[in-house]
Amino acid sequence: MKNILSKLIFVPLVVAGMSTFVNANSYPEGPVKIIVPYSAGGGSDSVSRALAEAIKTDFPDGIAVENRTGGAGSIGMSYGMRAEPNGSIVTMVAPELVMLPHSGNGGDIDYKQFIPLAIVNSGYAAITVPADSAYKSLEDLLVDAKSNNLLFGNSGTGSIWHLAGAGMQQAASVEFTHVPYKGSSAAITALLGRHLDAVSVSYAEVANQVDAGALRTLAVLAPNRLVDAPNVPTATELGYDVVIGTWRGYTVPVGTPPATVTYLTDAILKAVETDTFVEFMKNTNNDIEIIESEEFANKLKREDEFYKGLISSLGLSQ
Amino acid sequence: MLVEALNLVLQPSVLLFIILGVAGGMCIGCLPGLTTTMGVALVLPLTFGMDATQSILLLIGVYVGAVYGGSMSAILLNTPGTPASAATALDGYQMAKRGEAGRALGIATTSSFLGGVISCIFLILISPVLAKFALKFSAPEFFMLAMFGLCIISSISGKSMLIGLLSGTFGILIATIGIDDITGSMRFTFNNMNLFSGISFIPVMIGLFAMSQAFVGIEDIFVKSQTTKKLSHVFPKREDWGLIVKNSIGFGSLGAFVGSIPGVGADIASFIAYGQAKSMSKHPEKFGTGLPEAISAPEAANNGVTGGALIPMLTLGVPGDAVAAIMIGALTVQGLQPGPLLFQNDAPVVYAIFIGLLLANICMLVLGLNSVRLFTKVLSVPKQILVPIIFLLCFVGSYALANNVFDVIVMLVFGVIGYFFHKLEVSASPAILGLILGPMAESNFRRALLMARGDYLTFLSTGICWTFFVLILVSLLWPFAQKQWLKRKHA
């Protein structure tokens with residue numbers, strides 16, 4: 001009798017204990033949200049939705065994208081940074097994470113508060129001119145820039161493509177007049193109308209017009225030549241040490257259990273290999289570039305330093 | 001291209017959205033107090049999950065349906081459902097009082113349809129040409145265009161020019177909040193992260209146009225709606241057709257032209273058309289007694305605006321009226337940037353819009369002629385049911401935009417502001433256009449100076465600039481000239 005009684009007490013205790021033990025390792029439990037700090041329908045949103053689609057087999061309770069927009073991405077990133085560190089919220093981050101704080105408009109966002117999982121996609125700046133421009137090479141443009149004040153269009157003051165133009169001028173020791181537009185496509189429109197000398201937005205954004213013969217890209221600010229544009233030299237090849245581009249990576253808040261971090265990282269790395277994801281990225285002019293967590297962390301640290309210097313040299317820091 | 005566009009439009013889901021949009025628009029339009037802008041603003045958040053074609057065609061459906069729907073209550077109740085059908089009420093109600101409500105509705109429906117089709121033809125013919133031409137627009141030209149838009153709204157909207165100007169200025173001031181486009185410095189953000197990128201204008205619109213009307217609706221929530229009259233012979237008789245076609249072509253074109261001017265919408269077009277029809281008539285003294293041409297002219301003109309308003313929106317990214325401004329928001333949410341590049345990068349979507357607008361007009365004709373009785377039933381939905389639905393849609397709609405509670409607060413604040421605007425008889429449309437055209441004028445002003453290295457003559461450096469300069473002068477001097485002319489006439 002005593003035996004039975006002790007079993008009656010003991011067994012449930014063990015079961016209860018085991019189930020807590022199992023719980024700690026049973027991530028994912030419950031639905032997971034990917035916070036995208038940019039609006040629905042944009043590039044960041046569609047890449048994240050494609051990733052969510054490719055990754056969903058690993059998340060039986062579902063994984064969905066939620067857009068939290070505003071403040072050039074700072075609102076969504078801040079929301080994700082302050083989320084419960086249990087893996088239920090994954091945040092998409094972009095270079096703005098290490099840019100906005102230096103120009104004083106990042107709110108409370110801090111890259112050190114995130115554990116980087118992986119970068120899946122990148123897009124590099126391209127120095128692009130109208131097809132009938134006199135500049136046939138980057139050299140032509142930079143030589144002319146020494147004596148003339150060239151109009152360089154970008155996607156907004158303090159935006160990544162503004163910094164790309166600024167990075168180019170710094171590397172070549174020249175000075176451009178940076179003309180900010182609201183978004184890349186407005187700058188490209190102005191270039192097509194021949195109101196600007198060049199733009200420094202991403203290659204993906206000018207690719208259609210370059211293919212159509214309306215624009216010409218002189219150089220890309222990428223570490224290697226782009227798969228989509230094998231004939232366009234990199235600035236580094238031409239002797240200007242400047243690599244600037246955007247990227248999309250996924251993170252969780254600091255404090256997330258290591259097992260969860262590993263689970264998420266593995267799931268992302270597996271998902272980006274799937275045919276559907278690869279196909280999607282190809283169709284939407286997005287280049288896949290996988291950077292795993294350790295290198296991702298180094299990249300954040302490096303770019304944080306780089307943008308700090310560049311932004312303060314432009315007089316944009318506040 | 002055409003095949004691709006047809007592929008986009010001729011899908012069951014897209015067609016369904018057009019039909020639902022037109023039907024929903026007619027319901028919204030015929031209810032006094034619910035304006036076209038409000039209807040489109042309320043439907044907008046529902047489109048975030050759709051693809052670009054579905055989204056924009058649903059909104060176009062609502063737009064077309066609502067502009068037309070206003071005439072039903074104007075004719076039956078002498079209460080225009082939307083300001084755009086106020087002119088229709090003048091003669092439409094008189095005709096209905098004579099027991100010819102069906103005839104009045106028939107004339108309004110067919111004229112709206114033909115006016116809409118005419119404007120659609122204008123859109124299809126003009127916008128691709130204008131899109132190519134629009135590449136010539138640089139910062140100085142855009143500045144002059146925005147100034148022209150601002151001059152127009154201030155001089156003709158609302159009862160008093162001063163109030164119109166104040167409303168527009170209010171919009172411009174709201175738009176200065178956020179990070180400055182050119183230098184990147186903060187303006188009026190009070191270190192609140194939600195204000196860094198400015199106040200997004202969709203919650204402002206939902207607040208000003210929809211929430212404010214819901215507040216107004218509470219005031220007489222227990223007042224019973226009027227009952228509707230009996231209807232017969234909605235399809236126009238043979239003797240009316242000649243007049244309908246003649247008026248529709250003329251005033252539909254007029255509407256398309258008026259609609260394409262930034263800042264001027266369907267309400268103004270219909271009054272201009274009524275005035276024109278009267279001055280051209282052989283018996284102007286009979287206007288106001290229920291003349292068929294007095295119904296046909298404003299109805300053709302107000303639906304003529306629909307296609308016209310889309311012309312500057314698609315080609316230049318400048319809204320032709322407040323509804324087109326919301327559509328810019330809808331396209332941007334879809335990742336499409338209205339402007340000359342839209343015609344190159346997303347041509348199928350542009351052509352899908354053309355086809356969709358035509359289909360929406362056909363849909364409006366069919367629904368209008370066959371189910372007027374059904375739609376007029378909407379007029380008897382009690383406010384106790386209607387007002388809470390609007391409240392719900394306002395809250396859900398403003399939250400859905402960015403999943404941010406701050407936007408709901410913005411919507412509520414502007415709902416209260418809109419309520420007082422209503423009480424003080426201040427038109428909210430100049431505020432919205434100020435909100436959109438103000439930043440456009442400012443950033444292009446500074447961009448132009450940046451590009452011209454500080455030379456102010458850049459604003460008069462091209463023919464386009466001079467054209468707008470002359471138009472600005474004309475629009476500023478017009479009210480004074482008109483006054484002088486009237487004085488001399490009476491003297």
Side-chain angles (χ1 to χ4, degrees), chain A residues 35 37-46 66-76 78-79 100 103-109 149 151 153 156-159 162 177-186 188-196 205 208-209 212 214 311 314-318, chain B residues 47-52 55 134-142 178-186 189 191-198 200 316-317 330-342 344-345 400-404 406-407 439-440 443-444 446-448 450-453:
Chain A
I35 302 296
Y38 302 100
S39 57
S44 294
D45 177 67
S46 53
E66 187 174 305
N67 308 83
R68 287 189 179 262
T69 55
S74 57
I75 289 179
S78 165
Y79 175 85
L100 296 175
S103 49
N105 43 28
D108 60 354
I109 58 170
N149 202 347
L151 298 177
T157 298
S159 71
H162 176 203
T177 298
H178 298 282
V179 186
Y181 285 84
K182 232 178 161 63
S184 299
S185 87
I188 297 167
T189 310
L191 185 70
L192 284 171
R194 310 235 33 193
H195 307 297
L196 295 169
E205 288 164 311
N208 280 343
Q209 298 297 335
I311 287 168
L314 286 171
L316 289 172
S317 43
Q318 290 177 355
Chain B
T47 68
F48 294 157
M50 301 177 186
D51 70 30
S55 149
L135 281 179
K136 291 203 189 336
F137 277 62
S138 183
E141 288 85 2
F142 272 117
I179 296 167
D180 162 35
D181 274 350
I182 306 293
T183 61
S185 49
M186 301 278 191
T189 53
N191 227 1
N192 182 339
M193 210 166 29
N194 291 303
L195 291 174
F196 284 1
S197 49
S200 57
L316 294 164
L331 285 172
T332 321
V333 163
Q334 298 287 345
L336 300 174
Q337 193 63 49
L341 274 197
L342 191 69
Q344 296 184 24
N345 297 344
L401 180 68
N403 291 321
N404 192 342
F406 186 79
D407 286 339
M440 190 177 144
S443 66
N444 280 302
R446 294 167 64 188
R447 195 175 291 131
L450 192 65
M451 292 167 83
R453 294 170 189 101

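Throughout, a chain's letter reflects where its sequence line sits, starting with A, and its residues are numbered from 1.
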Using heavy-atom distances under 4.5 Å, tell me whether [X] contacts chain B through its side chain, its backbone, both, or neither.
| X | value |
| --- | --- |
| A:Thr189 | both |
| A:His162 | neither |
| A:Tyr181 | both |
| A:Ser159 | neither |

Exercise. Nearest 0.5 Å, what's the CG-OG distance between A:Asn105 and A:Ser74?
Worked result: 7.0 Å
Problem set entry | Nearest-0.5 Å distance that lies between atom NE2 in A:His195 and atom CZ in B:Phe142 | 8.0 Å
Less than 4.5 Å to any heavy atom of chain A: does that hold for the side chain of [X], its backbone, both, or neither?
| X | value |
| --- | --- |
| B:Arg446 | neither |
| B:Asn194 | both |
| B:Ser443 | neither |
| B:Phe137 | backbone |
| B:Ile182 | both |

Problem set entry | Among the listed options A:Val179, A:Asn149, A:Leu196, the residue most often paired with chain B at heavy-atom distances under 4.5 Å | A:Asn149
Between the side chain of [X] and the main-chain N/O of [Y], is any donor-acceptor distance below 3.5 Å?
| X | Y | answer |
| --- | --- | --- |
| B:Asn403 | A:Asn67 | yes |
| B:Glu141 | B:Ser138 | yes |
| A:Tyr38 | A:Arg68 | no |

Problem set entry | Residue among B:Thr183, B:Asp180, B:Leu450 satisfying side-chain contact (heavy atoms from CB on, under 4.5 Å) with A:Pro180 | B:Leu450
Problem set entry | Heavy-atom pair of closest approach, residues A:Ser184 and A:Glu205 | OG-OE2, 3.0 Å
